[in-house]
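Structure first, commentary second.
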Amino acid sequence: MATCPECDADIEVDEFDVDKGDLISCPDCGANLEVTSTSPVELEAADEDDDEEDDDEDEDFEEEEEADADESEDEETEGGDWDE
């Protein structure tokens, strides 16, 4: 049994079913929680900033791919005059 650090609800978590670093959600308040210890099971509020950073990195990567695609299209149109 573990306690939600956000709402103090008792959460039934089997220490053999979770690993340190696993993310679970509180069934009462819906908070995202990280397992910080497995014996005994201890929970902390998950750092939601990490998810936002991952999303930002994904967006940056997608923007780079789009820029590369635009450059390759420009090169194709410039090189098309060789056949004449």
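The chain is numbered in sequence order, starting from 1.
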Do any side-chain atoms of residues 8-19 form donor-acceptor pairs under 3.5 angstrom with protein atoms, and if so which ones, sequence neighbours left out?
unit_1: Asp14; atom_1: OD1; unit_2: Phe16; atom_2: N; d: 3.1

Taking distance alone, no hydrogens or angles, what donor-acceptor pairs closer than 3.5 Å link side-chain atoms of residues 33-43 to residues at least two apart or in another chain?
unit_1: Thr36; atom_1: OG1; unit_2: Glu42; atom_2: O; d: 3.2
unit_1: Ser37; atom_1: OG; unit_2: Pro40; atom_2: O; d: 3.0

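Heavy atoms only, all atoms of each residue included: Cys7 and Cys4 are closest at N-SG, 3.5 Å.
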